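Encoded as structure tokens, the structure appears first; notes follow it.
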Amino acid sequence: MTDSPTQKTHIAQTLLSRAHSPESTATQFTEKIKQRPLYLRPTESTATDNRSRRRLHRLRKKEYFLKHQKPRPLSAREKRESGLHDLPKDECKYAIFKGLHELWVEYMHEILDLKPGARAGPVSALVHGSKLVSADYHGAEIEVVRSSCAGRVGVKGIVVRDTKFTFVLVTEGDEMKTIPKEQTIFKFTVPLPASAKGEQDQKESAVEWAKPLVFELHGSQFENRPVDRANKKFKWRNIDYL
């Protein structure tokens with residue numbers, strides 16, 4: 001049998017023996033080094049592990065982005081192809097949109113402070129002009145009073161679509177009319193509510209207050225969408241008479 005190889009002395013014990021006695025060296029090595037747990041660093045990752053970690057990070061980031069991403073709005077071409085804004089001809093009846101016009105009249109009463117219980121005052125351009133400019137005219141019954149095209153004068157109907165450059169109307173004959181806003185002046189009326197008429201009859205003559213409120217709308221200065229008018233600041237401009 002061959003002799004077993006001698007055990008290799010620990011390097012820490014060798015260093016301690018240079019500064020301390022053999023008894024002190026053995027005690028310190030046993031208590032402070034040999035019996036103390038040794039914390040090892042984790043094994044260094046390989047190139048494959050790094051690629052997997054980066055790939056997992058990209059997938060998680062993409063998943064988070066797709067989860068919180070808002071849907072892309074439809075383009076104008078996609079809206080036309082899908083028929084999103086198409087109005088079925090069999091449903092474009094004047095009698096159907098008559099109810100929408102009644103709701104619009106109540107909406108205008110709120111804008112002009114004509115609702116029962118509200119502080120009734122004179123309707124003026126300075127006070128109510130900005131409200132009328134930013135109002136929604138879907139359901140309004142308008143009439144063309146002046147236009148650069150004489151064939152459009154006299155056309156009257158309920159607004160079923162208010163685009164940036166046109167009004168789409170349904171006439172009493174159940175016909176669809178697209179009227180450009182440019183170089184066109186429209187007229188619409190707002191009848192007074194019954195309660196407002198009763199209060200005003202006590203102050204003024206009944207003949208005078210029986211008349212509805214009549215407004216003119218200059219289409220050339222109204223070329224914007226309803227959603228854009230809601231936040232648009234009102235500015236006074238010169239009027240080009242037709």
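Here the structure is a predicted model, which is why all the values come from computation and not from measurement. Positions are given from 1 along the sequence. In what follows, every heavy atom counts, from backbone to side chain, and hydrogens, waters and symmetry copies are set aside.
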Legend entry - Close aromatic pair by centroid cut-off 6.0 Å: Phe97 and His101: no

Inset, instruction - Locate the shortest heavy-atom distance separating Asp162 from Pro226; write the atom from each residue and the value. - result: O-CD, 3.3 Å

Inset, instruction - Measure the shortest side-chain to side-chain distance between Thr184 and Arg146 over non-hydrogen atoms and say whether it is less than 4.5 angstrom. - result: no

Inset, instruction - To the nearest 0.5 angstrom, please state how far the CE atom of Met108 sits from the CD atom of Glu106. - result: 13.0 Å

Inset, instruction - With rounding to the nearest 0.5 Å, note down the distance linking NZ in Lys164 to CD in Glu223. - result: 8.5 Å

Inset, instruction - Tell me whether Met176 is reachable from Ile158 by hopping between hydrophobic residues (I, L, V, M, F, W, Y) whose side-chain heavy atoms are closer than 4.5 Å. - result: yes

Inset, instruction - Just do the side chain to side chain contact (heavy atoms under 4.5 Å, CB included) check on Gln13 and Thr25 with the steps written out, would you? - result: CA-CA 7 Å; Gln13 189 175 6; Thr25 298; 4.1 Å; yes

Legend entry - Lys32 atom NZ, over 12 foreign heavy atoms within 6.0 Å: no

Legend entry - Distance, nearest 0.5 Å, that separates OG of Ser148 from CD1 of Ile185: 10.5 Å

Inset, instruction - Would you please classify the geometry between the Tyr137 ring and the Phe222 ring as parallel, tilted or perpendicular, with 30° and 60° separating the classes? - result: perpendicular

Inset, instruction - Determine the minimum heavy-atom distance between Thr163 and Lys181, stating which atoms define it. - result: O-NZ, 2.7 Å

Inset, instruction - Report yes if some heavy atom in the side chain of Val159 is under 4.5 Å from a heavy atom in the side chain of Leu169; otherwise report no. - result: yes

Inset, instruction - Report, as yes or no, whether the 6.0 Å neighbourhood of atom CD on Glu63 holds more than 12 heavy atoms from other residues, nucleotides or ligands. - result: no

Inset, instruction - Nearest 0.5 Å please: distance from the CD1 atom of Ile179 over to the CD1 atom of Ile142. - result: 8.0 Å

Legend entry - Any side-chain donor near an acceptor of the partner, Tyr94 and Glu141, under 3.5 Å: yes

Legend entry - Short side-chain to backbone donor-acceptor contact, Ser147 and Arg152, under 3.5 Å: no

Legend entry - Check ion pair Glu78-Arg72 (N to O, under 4.0 angstrom): yes

Legend entry - Atom of Ala135, atom of Ile111 and distance for their closest heavy-atom approach: CB-CD1, 3.7 Å

Inset, instruction - Please report the closest heavy-atom contact between Val133 and Arg229, naming both atoms and the distance. - result: O-CD, 3.2 Å

Inset, instruction - For Ser24 and Gln28, test the side chains for any donor-to-acceptor distance below 3.5 angstrom and give the result as yes or no. - result: yes

Inset, instruction - Report the C-alpha separation of Val214 and Val190 in whole Å, then their side-chain angles, then the decisive distance to 0.1 Å, and conclude whether the side chain to side chain contact (heavy atoms under 4.5 Å, CB included) test is met. - result: CA-CA 6 Å; Val214 181; Val190 179; over 6 Å; no

Inset, instruction - Answer yes or no: is there a side-chain heavy-atom contact under 4.5 Å between Leu192 and Leu114? - result: yes

Legend entry - Salt bridge Lys156-Glu172, side-chain N to carboxylate O under 4.0 Å: no

Inset, instruction - Answer yes or no: does atom NE2 of His57 have more than 12 heavy-atom neighbours from other residues, nucleotides or ligands under 6.0 Å? - result: no

Legend entry - Leu213 reachable from Val105 in the ILVMFWY side-chain graph, under 4.5 Å edges: yes

Legend entry - Distance, nearest 0.5 Å, that separates CD of Glu216 from CD of Glu143: 10.5 Å

Inset, instruction - Provide the closest heavy-atom pair for Pro180 versus Phe186 in the form atom of the first, atom of the second, distance. - result: O-CZ, 3.9 Å

Inset, instruction - Decide yes or no for Phe29 and His10: does some side-chain heavy atom of the first lie under 4.5 Å from some side-chain heavy atom of the second? - result: yes

Legend entry - Close side-chain approach of Phe167 and Val144, heavy atoms under 4.5 Å: no

Legend entry - Gap separating the OG atom of Ser134 from the CG atom of Asn224, nearest 0.5 angstrom: 10.5 Å

Legend entry - Leu56, CG: over 12 other non-hydrogen atoms inside 6.0 angstrom: yes

Legend entry - Least distance between heavy atoms, His138 atom then Trp104 atom: O-CD1, 3.6 Å

